[in-house]
2 protein chains.
Amino acid sequence: MTVTLKDVALRAGVSRSAVSRTFTEGASVSAKTRAKVEKAAIELKYSPNALASSLTTGRTKLIGLVSNNFHNPLFLEVFDLFTRGLQERGLRPLLVNLSAETDPANSVRMLRQYSVDGVIVASSTLPPSFAEAFRDVGIPVVHSFGRYTSSPHVHVVGIDNIACGRMAAAALVARGHKRVAFLGGPKGATSTEDRARGFLDALSAHPDIAVSVSYASAYSFDAGRAEMIRLLQDTPAEAYFGGDDVLSIGALSAIHDAGLRVPDDIGFIGLNDMAMARWQNINLTTIRQPIAEIIASSIDLVVGTIADPDRHPETRLFPCSIVERGTLRPLP
Amino acid sequence: MTVTLKDVALRAGVSRSAVSRTFTEGASVSAKTRAKVEKAAIELKYSPNALASSLTTGRTKLIGLVSNNFHNPLFLEVFDLFTRGLQERGLRPLLVNLSAETDPANSVRMLRQYSVDGVIVASSTLPPSFAEAFRDVGIPVVHSFGRYTSSPHVHVVGIDNIACGRMAAAALVARGHKRVAFLGGPKGATSTEDRARGFLDALSAHPDIAVSVSYASAYSFDAGRAEMIRLLQDTPAEAYFGGDDVLSIGALSAIHDAGLRVPDDIGFIGLNDMAMARWQNINLTTIRQPIAEIIASSIDLVVGTIADPDRHPETRLFPCSIVERGTLRPLP
DNA sequence: CAGATTTTTGCAACCGGTTGCAATTTTCTC
DNA sequence: GAGAAAATTGCAACCGGTTGCAAAAATCTG
């Protein structure tokens, strides 16, 4: 059924090595044999078996793409960019959906069985130890959207969440709000922890401003809405920094339903700038995370690490910026 | 660096075959050797190379998941369900992002090189010929969200788009609307063509109702909004059937911005019932497409076809139903 | 055109597994 | 405990490729 090297070799009247060589970049083949082989290959519709060759070359061109964010619309953009970026370099994404799993053991085993050349962990909630589990078994790995550490054990590409927290605080302070709050994502998420830290840190310099913090159970519309509904039962703050965009959108829906107006009664700033944030019916003021750059850089890094496995772990943080839209009142 | 069968065999003091057999379901190994092998395997952290074994078994457990819908939030749900469903059966999704490509040649070549056991084409816009290209080279394939044909050449799992068009028409008719319209997705998309057909077909029985049709350039917020803005320059219809949910949400934003109220001034019904449709700030009346069933059935079918490649092509259509929310006035 | 150089080629071993077969060991039967 | 049946085991060939090496062919040199 399947056409192999041998079939092509037979038909072309050459050795199997000759066939292999015509399909190997930079191998030594005369124009004459190459022609014969290519002719035979086309006639037989031959296409080389990438997995068989991986056995000797040690390269599968398979990249494990591991994520646990299959409910945040931002991640559709992330998967789009990752898959396209990988494909452009001739790499194939093997997708792993972690769901609620946080133990790397299964993913590591599975991706090792498939001899992936490298792994990209795309998650803003998993701890650094997750990606480290891949490094521990010698698989090049980069953690995208991961947490910064001063002495990283694996490559991390993302944003400075602490700085983002500060940036959000500054934006609210600049607008003269006296009661502000952080409505974070799930409490254990590294990104939420860091954003909270930066936010509180920046506000500690403003003793006249009242600050509060609470957490939604997930980076999701429903969780953001539920938490905001809870907050509205008491006296809410004047302005909120939402843990991310989708959660903020959920919170805003609760605010509208309560008959309050945005940004007059309550201001909101999100984080991510996902495509939906600029939809005219959402129009969310937010902190833009440059995901295209993060992803391109992650791919670069994993490719580089495949080429040089001893490469020193690196942290690449990209600057974020505020995108002014309609959920935060203008600067005075 | 990597631990192989031989290393384990050596350490356990048995033959390579014995090691292979302990890791093969249902092979003949004594409890004693199995114990020795497992001990050695654990000590060496051995895990079998799935690709090497695929060479002899002819099974990679790799499934190509091909899609061109990386901008429609519905497809995040689709990818989530597919990846989880495949993983549960021990299958690994190799993701292919078609972007704007509509020629199957590249995907076919690539997925053949990786010896995928089967392919799932997840797209409501690609023509049947796309999936057929896989069947032509002997790869089991199912087209999810594909177009129904009476004598299919490949498996198709999805909904009856023509019936959905009729259902939408009936919903608008039942509400007494006299000027209705279909605001479709991209003109070439099979799903849009069929929905338009069903819609128009059902309305042809109502000569007193004025019908019009137009097309957005994509199943996207921006395209839906742009087309609606165009429509609002003239006299718009009283009620619209939107090609899908995300496009409908875009159209609704234009309607709101024009100062018109929904559903009083203009009614809207979408299609898909993606997660966002039930967000309280969207609250879209829509036709629910049972994606979980479609996906589970697609996986069943591809697995079944891998087991029996001569299986006759099958079309499985799932019933849709209207989900009443806030964008269509209640039945009189 | 002979001899030296370079390029091309095929052989054979190998990558990490699986599997049919025959030999060996274990278990069963009486 | 002997003989037959069943279970286990290792050998060796194979899956579809790649690659070092030496032989063969082509090209260059004077």
Side-chain angles (χ1 to χ4, degrees), chain A residues 1-38 40-41 44-62 109-117 137-138, chain B residues 1-38 40-41 44-62 109-117 137-138:
Chain A
M1 183 71 230
T2 65
V3 187
T4 74
L5 260 194
K6 204 165 68 180
D7 304 318
V8 179
L10 218 62
R11 173 140 195 158
V14 298
S15 72
R16 295 172 5 168
S17 334
V19 180
S20 172
R21 288 186 178 114
T22 46
F23 286 98
T24 309
E25 192 77 7
S28 166
V29 225
S30 68
K32 209 194 304 176
T33 25
R34 152 157 281 137
K36 282 194 290 188
V37 169
E38 285 177 345
L44 297 174
K45 294 184 204 292
Y46 169 73
S47 100
N49 182 326
L51 303 181
S53 76
S54 82
L55 226 39
T56 33
T57 62
R59 287 270 178 280
T60 55
K61 303 204 156 233
L62 250 26
R109 185 162 32 74
M110 196 233 105
L111 290 173
R112 228 156 65 107
Q113 290 185 335
Y114 281 83
S115 314
V116 293
D117 289 347
V137 298
Chain B
M1 182 73 226
T2 65
V3 187
T4 73
L5 262 194
K6 203 165 68 179
D7 303 319
V8 179
L10 218 62
R11 174 141 196 157
V14 298
S15 72
R16 294 165 41 209
S17 334
V19 179
S20 173
R21 286 184 179 114
T22 47
F23 286 98
T24 309
E25 193 77 8
S28 168
V29 224
S30 69
K32 209 195 303 174
T33 21
R34 150 156 283 136
K36 280 193 292 187
V37 169
E38 283 176 344
L44 298 174
K45 294 184 204 293
Y46 169 73
S47 100
N49 181 326
L51 303 181
S53 77
S54 83
L55 268 190
T56 34
T57 62
R59 287 268 176 281
T60 54
K61 303 203 159 236
L62 249 25
R109 186 163 32 73
M110 194 234 107
L111 291 172
R112 229 157 63 108
Q113 290 185 336
Y114 281 84
S115 314
V116 294
D117 288 348
V137 298

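A, B, ... follow the sequence lines: proteins, then strands. Residue 1 opens every chain.
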Legend entry - Outermost DNA chain D nucleotides near chain B [under 4.0 Å, heavy atoms]: dT8(D) to dG16(D)

Inset, instruction - For Arg34(B) and for Ser47(A), locate the closest nucleotide of DNA chain D by heavy-atom distance; then report the residue assigned to the nucleotide nearer the 5' terminus. - result: Arg34(B)

Inset, instruction - Select from Arg21(A) and Thr4(A) the residue whose nearest nucleotide in DNA chain D is closer to the 5' end of that strand. - result: Thr4(A)

Inset, instruction - Could you pick out which residue, Ser15(A) or Thr24(B), lies toward the 5' side of DNA chain C when each is mapped onto its nearest nucleotide? - result: Ser15(A)

Legend entry - Comparing Thr56(A) and Val14(A) on DNA chain C - which has the more 5′ nearest nucleotide: Val14(A)

Legend entry - Value rounded to 0.5 Å, distance of OG1 in Thr4(B) from CG in Asn49(B): 10.0 Å

Legend entry - OG on Ser53(B) to NZ on Lys61(B), rounded to 0.5 Å: 9.5 Å

Inset, instruction - State, yes or no, whether a side-chain contact exists between Leu51(A) and Leu55(B) at a heavy-atom distance under 4.5 Å. - result: no

Inset, instruction - Answer whether the closest heavy-atom distance between the side chains of Leu5(A) and Val8(A) falls below 4.5 Å. - result: no

Please list, for nucleotides 22-27 of chain C, all pairs of protein and nucleotide N/O atoms separated by less than 3.5 Å.
none

Any base atoms under 4.0 Å from [X], or only sugar-phosphate, or nothing? Heavy atoms, all strands.
X        : result
Thr33(A) : sugar-phosphate
Val29(A) : sugar-phosphate
Ser53(B) : sugar-phosphate
Ser28(B) : base
Phe23(A) : nothing
Ser17(A) : base

Legend entry - Thr60(B) side-chain N/O to Ser115(B) backbone N/O, donor-acceptor pair under 3.5 Å: yes

Distance-minimising heavy-atom pair for [X] and [Y]:
X        : Y         : value
Thr33(A) : Ser30(A)  : OG1-OG, 2.6 Å
Leu62(A) : Tyr114(A) : CD2-O, 3.8 Å
Thr22(B) : Val19(B)  : OG1-O, 2.6 Å
Lys45(A) : Arg112(B) : O-NH2, 2.6 Å

